[in-house]
Amino acid sequence: MSAEADRVGVIGAGQMGSGIAQVVAQAGLEVWLHDTPEALKRSKASMEDSLGRLSARGRLQEAPGAVLERVHPAAELEDLAGVRTLLEAVTEDWGVKSGIFARLRELLSEDALVATNTSSIPITQLASSYGRPGRFLGLHFMNPVPVMPLVEVIRGLGTAEEAVAQALDLVGRLGKTAVQCNDYPGFVSNRILMPMLNEAIQCVMEGVAEPEAIDQIMRLGMNHPMGPLALADFIGLDTCLAILEVLHSGLGDPKYRPSPLLRKMVAAGWLGRKSGRGFYRY
Ligand code: NAD
């Protein structure tokens with residue numbers, strides 16, 4: 001890649017966008033990160049924390065400060081105008097994402113590579129909101145991004161082979177493993193994961209067992225590193241609900257119907273770790 005092509009834009013500095021910006025900077029690329037000032041402040045603190053832990057374990061090639069210097073806070077979307085690779089990681093909401101892609105069409109050059117980190121919204125539909133489907137695809141990073149090796153690479157109906165090749169190259173450069181799939185609701189990861197998390201929530205609602213017991217059964221009995229309710233809290237209950245809604249409407253099968261308890265907790269603002277309360281207190 002040339003120096004110009006090394007400029008990457010990341011939109012959304014929540015838990016995923018922060019992690020993505022961090023691994024891009026760790027790979028030696030310059031990254032412009034756009035969100036609100038408060039989110040950018042939280043994101044810097046979380047990157048410092050994560051880089052400090054990686055450094056203490058001897059898993060960083062350079063000082064944490066040197067990595068952070070490659071992350072440039074961008075107060076305005078317009079600050080991302082020159083980037084050749086754009087990774088979007090804002091809230092899982094069609095209206096928010098499609099609004100951003102419509103604006104990006106005006107800001108980015110025709111050959112820019114644009115990827116969304118959506119967990120479930122159809123890539124083909126988001127590609128249409130951007131308007132250049134050949135240059136658009138899904139790059140679904142896993143949480144926490146600096147630790148998890150997988151990136152699910154999702155082709156929209158119009159994604160060009162060249163864009164896929166460029167994306168695979170980028171994922172390799174970030175030290176991650178790319179696995180490809182096609183564009184159906186929830187792709188592979190969330191189509192399989194979310195029904196399990198939803199069923200665990202139904203178990204709480206029906207009083208089958210306490211959250212701790214459900215998580216312990218899945219950890220000790222199925223060898224899962226985290227129980228499903230701790231994982232739902234970690235992902236964010238609002239994000240889980242949004243993904244289940246997409247699976248339910250996109251596939252039309254009642255087996256994906258979100259648990260009423262999940263809806264109730266999201267309505268109460270109990271979103272898991274990020275709000276301090278979910279199935280557990282933080
Ligand atoms: P989050 O709530 O932690 O962060 C979302 C961020 O988007 C917030 O900082 C918010 O301020 C920002 N945002 C919202 N509207 C914006 C706009 N118009 N412009 C700029 N920034 C805006 O959410 P997250 O968990 O980081 O999820 C982000 C995306 O990643 C979602 O699409 C989600 O489905 C996906 N994802 C999440 C996980 C997970 O485990 N949480 C895993 C894989 C993919």
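Counting starts at 1 for both ligands and their atoms, in listed order.
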Among all protein heavy atoms, pick out the one at the shortest distance from [atom]; state its residue, atom name and that distance to 0.1 Å.
atom                    : answer
atom 14 (C) of ligand 1 : T91 OG1, 3.2 Å
atom 4 (O) of ligand 1  : G14 CA, 3.2 Å
atom 6 (C) of ligand 1  : D35 OD2, 3.7 Å
atom 27 (O) of ligand 1 : M16 CG, 3.9 Å

Looking only at heavy atoms, is any part of [X] under 4.0 Å from ligand 1, and if so is it the side chain, the backbone, or both, or is it neither?
X    : value
N117 : both
F234 : neither
K274 : side chain
I100 : side chain
V90  : both
S119 : both

Ignoring angles and geometry beyond distance, decide whether [X] reaches within less than 3.5 Å of ligand 1 through its nitrogen or oxygen atoms.
X    : answer
N143 : yes
V96  : no
T36  : no

Examine distances only and state if a side-chain atom of E88 and a backbone atom of K97 form a donor-acceptor pair shorter than 3.5 Å.
->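 No.
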Would you confirm whether E152, through its side chain, and C181, through its main-chain N or O, come within 3.5 Å as a donor-acceptor pair?
-> no
Nearest heavy-atom neighbours spanning [X] and [Y]:
X    : Y    : result
L168 : V153 : CD2-CG2, 4.1 Å
N190 : L247 : O-CD1, 3.8 Å
S120 : V246 : O-CG1, 3.2 Å

When rounded to the nearest 0.5 angstrom, what distance separates CG in L139 from OG1 in T118?
-> 12.0 Å
Going by an N to O cut-off under 4.0 Å, is there a salt bridge joining [X] and [Y]?
X    : Y    : result
D35  : R42  : no
E212 : R219 : no
E199 : K255 : no
D169 : R173 : no

Mind checking whether Y130 and F136 have parallel, tilted or perpendicular rings, split at 30° and 60°?
-> tilted
Considering the heavy atoms of [X], write down every atom of ligand 1 situated less than 4.0 Å from one of them.
X    : value
H140 : 43 (C), 44 (C)
I235 : 39 (C), 40 (O), 41 (N)
A39  : 9 (O)
T118 : 32 (O)

With atom 3 (O) of ligand 1 as the reference point, say which of K97, E152, R273, Q15 has the nearest heavy atom.
->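 Nearest option to atom 3 (O) of ligand 1, by heavy atoms: Q15.
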Pick, from R42, E92, H34, the option with the minimum heavy-atom distance to atom 32 (O) of ligand 1.
-> E92
Going by atom types only, do S129 and S98 share a side-chain donor-acceptor pair under 3.5 Å?
-> no
With a 4.0 Å cut-off on heavy atoms, is G236 touching ligand 1?
->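 Per 4.0 Å heavy-atom rule, G236 does not contact ligand 1.
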